[in-house]
Chemist: 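Before we start, here is the structure in question, set down as C-alpha cells.
Any value given below was found using the heavy atoms of this structure, including those in side chains, with hydrogens, waters and symmetry copies removed. Small disclaimer: the values here were computed from a predicted structure and weren't measured.
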Amino acid sequence: MNSTGSVRVRFAPSPTGFLHVGGARTAIFNWLLARHTGGVFVLRIEDTDAERSTDEMIREILDGLEWLGIDWDEGPHFQSRNVDRHREAAERLREAGRAYPCFCTVEELAAEREAAIARKESYVYGGRCRAISREEADRRRAAGEPHTIRFAVPAGETAWEDVVHGRTAFENRTIGDFIVLRSDGAPVYNLAVTVDDLDMGITHVVRGDDHISNTPKQILIYRALGADPPVFAHVPLILGPDKSKLSKRHGAIAVTAYRDQGYLADAFVNFLALLGWSPGDDREVMTRQELVDAFTLERITGKSAVFDVEKLEWLNGQHLSRLSGREVAAIAAPWFERAGIGRLTEPQGDGDWFANLMALVKTRSRTLHDLVEQARPFFPGPVEYQPDAVEKFWQDPSAALAALAVAVDYVESEDRWGDLEAMEGRLRSLAEERGVAAGKVMQSMRVALTGQRVSPGIFETLTAMGAALARERLAAAREWLSRRVAGD
RNA sequence: GGCCCCAUCGUCUAGUGGCCUAGGACGUAGCCCUCUCAAGGCUAAAACACGGGUUCGAAUCCCGUUGGGGCCA
C-alpha cells in the first residue's frame, strides 16, 4: 500500500497480439479490484519488444477493453518511454553494489550452459564476473568492452505471501545472477516491470500464474532499490478443452471475436469473472455492479479453469433475457443494420415496434446472432421454408393446406389484434367449426409466417407481423404447398 | 531435465476438521407447462486422484506417489 492507503492496480498487456481471453480476465480482475476498493486502474502498454509490437495491436487491445467496458483511470502509459528510468535504476543498483557488469561472451555462456546440461543440472549463471573488482570493471567499461549488467542475487531464499497461492518461495541459488541490462543497453523485462510498477505506485500486482517464476527476481529488485514489494496475486491460467494453456489452436480467442459472435459484454465479463473466482454464494448471473460489490482477491481459486463455451452461451442467454426489449433493441440495432434488415425495412417505423419484437425473441436467443435470425421473418420480404420446419409441420401438404385454409379465414375475420386471449379463443372456435385441430392450424401457420420451426407464440407473431404481411405469407405458403400436392 | 503451481461430478465451482448420506450451476436424461422453441418448475445420473499418517473425527492438516499445467533451458 502506498502512503495514502489506496489501491493502485495495473493491466500491462504487450501489444504483440490481440486481447485474448486470459488477458481479458486479468484485466477484469484488476478492474474489479480497483472498482471494489475505489482505487485506481492503470493501463500500461508493455511495448519494449519493438520488433513484435505494432500500433494495430495496441488499437486491438484498446478495442477489446472498450467493448468489455473495462475503463482505465490512468494511461495508457507506454513502457518504451521509460527506458531511461530503467537504465537509471540499473545504474543505481550497480552503484549500491547490487548489480555488476558482466563481460562474459555469448560463447563462454553457451559453453557453461552446455556443461550444465551435460551434468543434468539446470543452468544458472555461475557469477564469474561478480568477482571482478570495481576498478577493473570500470576500466574495462571505459574501454568500451561489451558487457551486460547482472543482478547480484544474495544467498538465501526469496518468498512472498501470494494472495491466491499463499506462501511461495524460491531458493536464490536456483535463480542465479540474472541480466538486468543487455549489452546494447536495453532493459530486461523484470527490471522494466519492477521500475514501472514502482514509479506508478502500484500496490497490488494481479497477473497470470505464468509470472510466478518472475516474481522472486522482481522482489529482489524492489528490495535492492530500497522499496517494499507490492502485494502479489497470481491468477491461474485459463485452459482450452484439452487442458493446455488457451491459445489460437482453441479457436477464437481474441475477445473481439466473441463480440462479433454476438455475445454481450456484460455476459462475457460475468463469465470470465466466474472463471477462477466465485462470490461465495450460489449466484452466477451477476450484473457488473454485483460483481464489483462482491469481488475480493481472496476468493480467487488457485486452480486453472477450462473455458466452457456452452456455459458462456447459457449465461449470455440469461443476460439477454433479463434485458428489457428496449435495451436489447439498442444493443442489437447494429446487428440488424449489418444483416441488411435495418430501420429502412422496418414495417412500422417507430422504435416501439422493434423493442416489442426484441422482447418477443430475446428469451429464445442465446446470442445476438440468434436474435437476428429469430426476428428476420418479421420484416417484409419472402421467407424461406426451412427443411426441418417443413419436415415437422408440413409433412402432409394436403393436410397443411387444409389447416392454412382455416388460418386464412381466421386472419380475415380477426379484428382484435393484440388481444392474445381473444385471438386464441376465436381461432380455436373457428378450427372446431371446420373440424381441424387448432394445434395443426397454429403450427402450419407458424411455418407459413416464419418459415421456421421455432417462433414466439403464434398470436404474438401474428400481431407483431401485422395483418398485411401475414396475408401475404399465407398466400405464398398455399401456393407453395399446392405445387407440392400437384407435383406428387 | 531443473524450478514452481495445481488436484471435489464431463465442465465451472461451494466447502477452510464434525452442519457432507459433499451443495449450486452448465451440459446430459426424464417429467410438468404447452401452438413450436426457448424461458420457467420438478426429478435423475454424475465428483472429494491414490497411498500413508495426524486426530475421537478428515474433501478439509502433514508426507509421499501419480497426474495435469506453467516458467526456464
Chemist: Just the rounded figure in Å: distance from P of C6(B) to NE2 of His211(A).
Modeler: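 Those two atoms, NE2 and P, are 17 Å apart.
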Chemist: Please tell me which of Lys217(A) and His165(A) maps to the more 5' nucleotide of RNA chain B, matching each residue to the nucleotide holding its nearest heavy atom.
Modeler: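 This one resolves to His165(A).
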Chemist: Choosing from C3(B), C35(B), A14(B), which nucleotide comes nearest the side chain of Arg299(A)?
Modeler: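 Selected nucleotide (nearest to the side chain): A14(B).
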Chemist: Between Arg428(A) and Ser321(A), just flag the one whose closest nucleotide in RNA chain B comes earlier from the 5' side.
Modeler: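 Of the two residues, Arg428(A) wins.
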Chemist: Excluding sequence neighbours, so at least two apart, what forms side chain to side chain donor-acceptor pair (under 3.5 Å) with Glu432(A)?
Modeler: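 Result, side chain to side chain donor-acceptor pair (under 3.5 Å) vs Glu432(A): none returned.
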Chemist: For the side chain of Trp314(A), starting at C-beta, report the closest nucleotide among C12(B), U36(B), G27(B).
Modeler: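 The answer is G27(B).
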Chemist: Whole-Å distance between G15(B) C1' and Asp282(A) CG?
Modeler: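 Distance check: Asp282(A) CG to G15(B) C1' gives 11 Å.
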Chemist: Expressed in whole Å, how much space separates the C1' atoms belonging to G15(B) and C4(B)?
Modeler: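 Comparing C1' positions in G15(B) and C4(B) gives a spacing of 26 Å.
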Chemist: List the steps, then state whether ring pair (Phe, Tyr, Trp, His ring centres under 6.0 Å) holds for Phe268(A) with Trp67(A).
Modeler: CA-CA 10 Å; Phe268(A) 198 71; Trp67(A) 173 61; 5.6 Å; yes
Chemist: Whole angstrom is fine here: how far is it from CZ in Phe232(A) over to P in C71(B)?
Modeler: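 Going from CZ in Phe232(A) over to P in C71(B) covers 18 Å.
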Chemist: Go through A39(B), C4(B), C6(B) for me and flag the one nearest to the Arg366(A) side chain.
Modeler: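 Selected nucleotide (nearest to the side chain): A39(B).
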Chemist: Using a heavy-atom cut-off of under 4.0 Å over every strand shown, decide if Pro456(A) touches base, sugar-phosphate, or nothing.
Modeler: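 The answer is base, as Pro456(A) lies within the cut-off (heavy atoms under 4.0 Å) of a base atom.
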Chemist: Is the distance from OP1 or OP2 of U8(B) to the nearest side-chain N or O of Lys303(A) less than 4.0 Å?
Modeler: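 For Lys303(A), the contact criterion (side-chain N or O under 4.0 Å from OP1 or OP2 of U8(B)) is met.
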Chemist: Just call it for Lys440(A): base, sugar-phosphate, or nothing, with non-hydrogen atoms closer than 4.0 Å on any strand.
Modeler: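 The residue Lys440(A) makes no contact with any strand.
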Chemist: Name the nucleic acid region contacted by Gly457(A), choosing base, sugar-phosphate or nothing; use a 4.0 angstrom heavy-atom cut-off, strictly under.
Modeler: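 Counting heavy atoms under 4.0 Å across all strands, the contact made by Gly457(A) includes a base.
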Chemist: Determine whether a donor-acceptor pair (N or O, by modelled atom type, separation under 3.5 Å) exists between the side chain of Arg98(A) and the backbone of Leu93(A).
Modeler: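 No: the side chain of Arg98(A) does not pair with the backbone of Leu93(A).
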Chemist: Which part of the nucleic acid, if any, lies within contact of Gly276(A), taking any heavy atom under 4.0 Å across all strands shown: a base, the sugar-phosphate backbone alone, or nothing?
Modeler: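 Sugar-phosphate only.
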Chemist: Indicate, with a heavy-atom threshold strictly under 4.0 Å, whether Ala389(A) touches base, sugar-phosphate, or nothing.
Modeler: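 Counting heavy atoms under 4.0 Å across all strands, no contact is made by Ala389(A).
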Chemist: I want to verify a distance call: between A39(B), G24(B), C3(B), whose nearest atom is closest to the Thr363(A) side chain?
Modeler: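 Nearest to the side-chain atoms of Thr363(A), counting from C-beta on, is A39(B).
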Chemist: In whole Å, what is the span from the CZ atom of Arg207(A) to the C1' atom of C71(B)?
Modeler: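 Result: 12 Å.
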Chemist: Atom pairs, N/O to N/O, protein against nucleotides 28-33 of chain B, distance under 3.5 Å?
Modeler:
none

Chemist: Just compare A25(B), C37(B), U13(B) and give me whichever is closest to any side-chain atom of Glu284(A).
Modeler: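 The answer is A25(B), which lies nearest to the side chain.
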Chemist: Ignoring the backbone of Gln318(A), work out which of G70(B), C35(B), G40(B) is nearest its side chain.
Modeler: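 So the side chain of Gln318(A) is nearest to G40(B).
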Chemist: Got a salt bridge between Lys311(A) and Glu284(A), using NZ or NE/NH1/NH2 to carboxylate O under 4.0 Å?
Modeler: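 Looking at Lys311(A) and Glu284(A), the cut-off is met.
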Chemist: Can you list everything that forms a side chain to side chain contact (heavy atoms under 4.5 Å, CB included) with Ser278(A)? Sequence neighbours excluded, please.
Modeler: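 Partners of Ser278(A) under the side chain to side chain contact (heavy atoms under 4.5 Å, CB included) test: Arg299(A).
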Chemist: With the side chain of Met442(A) defined as its heavy atoms from C-beta on, choose the nearest nucleotide among C35(B), G70(B), A25(B).
Modeler: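 Between C35(B), G70(B), A25(B), the one nearest the side chain of Met442(A) would be C35(B).
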Chemist: Output the single nucleotide from U11(B), C5(B), C37(B) whose closest atom is nearest the side chain of Lys392(A).
Modeler: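 Looking only at heavy atoms from C-beta outward on Lys392(A), the closest nucleotide is C37(B).
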Chemist: Looking only at side-chain N and O atoms, does Thr168(A) come under 4.0 Å of OP1 or OP2 in C4(B)?
Modeler: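 No, no such contact exists.
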Chemist: Describe the nucleic acid contact of Ile458(A) in one word from base, sugar-phosphate, nothing, applying a heavy-atom distance below 4.0 Å.
Modeler: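 Here Ile458(A) touches the bases of the nucleic acid.
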Chemist: Quick one: label Ser365(A) by what it contacts on the DNA or RNA (base, sugar-phosphate, nothing), any heavy atom closer than 4.0 Å.
Modeler: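 Nothing: the residue Ser365(A), judged by heavy atoms under 4.0 Å, touches no strand.
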Chemist: Find the distance between CE (Met445(A)) and CG (Leu427(A)) and round it off to the nearest 0.5 Å.
Modeler: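 One finds 5.0 Å between CE of Met445(A) and CG of Leu427(A).
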Chemist: Counting distance only, does the side-chain N/O of Arg25(A) pair as donor-acceptor with the main-chain N or O of Leu275(A) below 3.5 Å?
Modeler: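 Present.
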Chemist: Using only atom types and a distance under 3.5 Å, with no angle test, would you say the side chain of Thr367(A) pairs donor to acceptor with the backbone of Asp370(A)?
Modeler: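 Yes; at least one donor-acceptor contact below 3.5 Å.
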Chemist: Measure from the side-chain heavy atoms of Phe170(A) and tell me the nearest of U36(B), C3(B), C71(B).
Modeler: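 Nucleotide nearest to Phe170(A)'s side chain: C3(B).
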